[in-house]
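Computation of the quantities below employed the complete heavy-atom set of this structure, encompassing side-chain atoms and omitting hydrogens, waters and symmetry-equivalent molecules. Residues: numbered from 1 along the sequence shown.
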Amino acid sequence: MKALIVDGEWNPRKNYPLSNEEQAKKRANVGSQVWQHTQFEVKDVSVPNLQDDEILVRIKSCGICGSDTHLYETDKDGYIIFSGVTELPRIIGHELSGIVEQTGKNVRNVSKGDWIAAESIMWCGMCQACRSGSPNQCKYIKLMGLSADGAFAEYIAISERYCWEINDFGEIYSEDEAFDIGALIEPVGCAYNGLFIVGGGFQPGATVVVYGTGPIGLGAIALAKIAGASQIIAFDIIDERANIALEMGADYAFNTNKMRDCLPGEKVMEITKGWGADIQIEAAGAAPATIPEMEKSMAINGKIIYLGRAATTTSMHLDNLVSGANKIVGARGHSGYAIFPSIIKLIATGRLKLDKMITARYPFARIMDAIKASSGRTDGKILIHI
């Protein structure tokens, strides 16, 4: 089968505290500190063999995630931008949907011919975090397409535990459309986890502010809209993405590079007539620029939900958290807590509409063109049809 494989040079930075386990497994906990000079190549590889608990999925649609882009992009020294767990070489891609082609002998809940979407957080189920109900914080986590083989390929073998049936999508979408929407569940799940699980949700009528309107930020906008936000304010640095935010349900969307009269935090205070934002979502991965603006525009009992992964630091005036009874929380992943089945039901009943997030589709033969295009950050979601 054809698959897109990424490889790179293992070259830990001199000041990076490399652990013995990382060195032994050649798996970096912080990829941007270790992997250098990546190469992308479409290769012929064997169709994976199935374990007893696995299913073989024929991939129909797979989205390009920011993490895929961050493997392609490098800093001035040639190191990748992605700051999470990374083990190369790997077949990349993890926002998938497809058709079940074969099942292992212990598979119970899906059958050949089913349409499925899948989680990319590959939790072990046995560590203390998993057994305590926190699969996204699994001690032995593998990330599909980053530390385990992914879905920019004709087939993937994946444990049944990570897969969810989306057959009902066929009742409201054509087959191709159904698989495209199915590929969006993974990034939207990250927004759901941040907003409603880790972030604890919000009361209908709340003001929600989203910094960064890539796919996770756009998913947060769509979810906040149907959950009853009274106002949704979005910020990005690219006009095209700000416009998509409006199409996805934002009431206001601003290009922060073009704001001449005030800063984003001031704009939030102006729109909310001095109250501030009840919920603020950082989905830009630009904390040094965004957190100070969020901090000065928090409502009483306001929350900042940090979703934008980046190996960076920023300062905060912690007394503001005390005086305002405010909170800041971080969220990773989309597994557990009925996140996938809840999103699937919202889509299947027509409540959650994600179509406008998709701005480009490429055949697998042009996958490198698509990854290059993703670096421009003008698209919402780019999908690869396989």
Side-chain angles (χ1 to χ4, degrees), residues 63-70 73 81 95 180-181 183-196 199 202 206-227 229-259 262-265 267-268 271-272 277-294 297 303-310 331 334 343 352-360 373-383:
I64 295 178
C65 176
S67 59
D68 301 317
T69 308
H70 287 168
E73 296 174 331
I81 305 299
E95 300 176 356
D180 285 352
I181 298 298
L184 301 180
I185 299 170
E186 195 270 359
V188 173
C190 295
Y192 189 109
N193 184 41
L195 265 175
F196 304 121
F202 58 84
T207 294
V208 176
V209 178
V210 177
Y211 285 79
T213 56
I216 292 176
L218 294 173
I221 290 169
L223 290 167
K225 186 78 170 180
I226 64 173
S230 63
Q231 295 183 107
I232 302 173
I233 306 167
F235 296 101
D236 205 285
I237 60 172
I238 296 172
D239 285 337
E240 289 87 346
R241 282 193 164 175
N243 291 334
I244 300 168
L246 293 172
E247 293 182 356
M248 292 294 293
D251 299 288
Y252 305 89
F254 303 96
N255 182 332
T256 56
N257 286 341
K258 295 183 177 181
M259 296 177 68
C262 65
L263 294 170
K267 179 61 71 174
V268 171
I271 292 171
T272 61
D278 300 294
I279 299 288
Q280 299 191 78
I281 297 164
E282 211 292 345
T290 58
I291 294 295
E293 296 304 310
M294 293 177 165
S297 56
K303 298 175 189 173
I304 293 174
I305 301 168
Y306 183 71
L307 297 178
R309 182 157 204 158
H334 47 250
I343 294 172
L352 181 61
K353 299 183 184 299
L354 303 174
D355 314 59
K356 292 179 180 178
M357 189 189 301
I358 303 168
T359 53
S374 74
S375 291
R377 290 172 174 77
T378 56
D379 282 284
K381 175 55 66 180
I382 299 174
L383 294 177

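- Once rounded to the nearest 0.5 Å, the distance linking NE2 of His334 with CD of Glu95 reads 9.5 Å.
- In terms of heavy-atom proximity, Gly265 sits nearest to Glu293 at N-OE1, 2.8 Å.
- Of all non-hydrogen atoms in Ser374 and Thr69, the two that sit nearest each other are OG-OG1, 2.8 Å.
- Residues Met248 and Ile232 fail the side-chain proximity criterion, which asks for heavy atoms closer than 4.5 Å.
- Aromatic ring orientation, Phe254 versus Tyr252: parallel (interplanar angle below 30°, classes split at 30° and 60°).
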Query raised in the report: Stepwise, does the side-chain contact (heavy atoms from CB on, under 4.5 Å) test hold for Asp278 with Phe202?
Result: CA-CA 8 Å; Asp278 300 294; Phe202 58 84; 5.9 Å; no

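- Annotation for Ala331 and Gly194: closest pair CB-CA, 3.8 Å, computed over non-hydrogen atoms.
- Here the CG-CG distance, from Leu307 to Leu195, works out to 7.5 Å after rounding to the nearest 0.5 Å.
- Judged by distance alone, the side chain of Gln231 and the main-chain N or O of Ile233 form no donor-acceptor pair under 3.5 Å.
- Ile281 has its side chain out of reach of Val209: every pair of non-hydrogen atoms, C-beta onward, lies at least 4.5 Å apart.
- Ser375 contributes atom OG, which lies 10.0 Å from atom CD1 of Ile81 (distance to the nearest 0.5 angstrom).
- The shortest non-hydrogen separation linking Gly199 to Ile305 is CA-CD1, 4.0 Å.
- Under the 3.5 Å distance criterion, the side-chain polar atoms of Tyr306 are matched with a main-chain donor or acceptor of Gly308.
- For the pair Ala253 and Ala242, the tightest heavy-atom approach, listed with the atom from each and the gap, is CB-O, 3.3 Å.
- When atom types are taken as modelled, the side chain of Asp68 and the backbone of Cys65 share a donor-acceptor pair closer than 3.5 angstrom.
- Taking the side chain as every heavy atom from C-beta outward, Phe235 and Asn255 never approach each other to under 4.5 Å.
- If you take CG on Asp379 and CD1 on Ile244, they are separated by 6.5 Å, rounding to the nearest 0.5 Å.
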Contacts table for residues 210-227: side-chain donor-acceptor under 3.5 angstrom, sequence neighbours left out:
{"unit_1": "Thr213", "atom_1": "OG1", "unit_2": "Asp236", "atom_2": "OD2", "d": "2.9"}
{"unit_1": "Thr213", "atom_1": "OG1", "unit_2": "Arg241", "atom_2": "O", "d": "3.2"}

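- Taking a cutoff of 4.0 Å between a charged side-chain nitrogen and a carboxylate oxygen, Asp180 and Lys381 do not qualify as a salt bridge.
- For the pair Arg377 and Glu73, the salt-bridge criterion is met [side-chain N within less than 4.0 Å of a carboxylate O].
- Side-chain contact check for Thr272 and Thr207: no donor-acceptor pair (N or O, by modelled atom type) lies under 3.5 Å.
- In this structure, the side chain of Gln280 engages the main chain of Met294 through a donor-acceptor pair within 3.5 Å.
- Between Ala183 and Leu383, the closest heavy-atom pair is CB-CD2, 4.1 Å.
- Put simply, the side chain of Asn243 does not reach to within 4.5 Å of the side chain of Glu240, judged on heavy atoms.
- Within the model, atoms CD1 of Ile64 and CD1 of Ile382 stand 5.0 Å from one another, a figure rounded to the nearest 0.5 Å.
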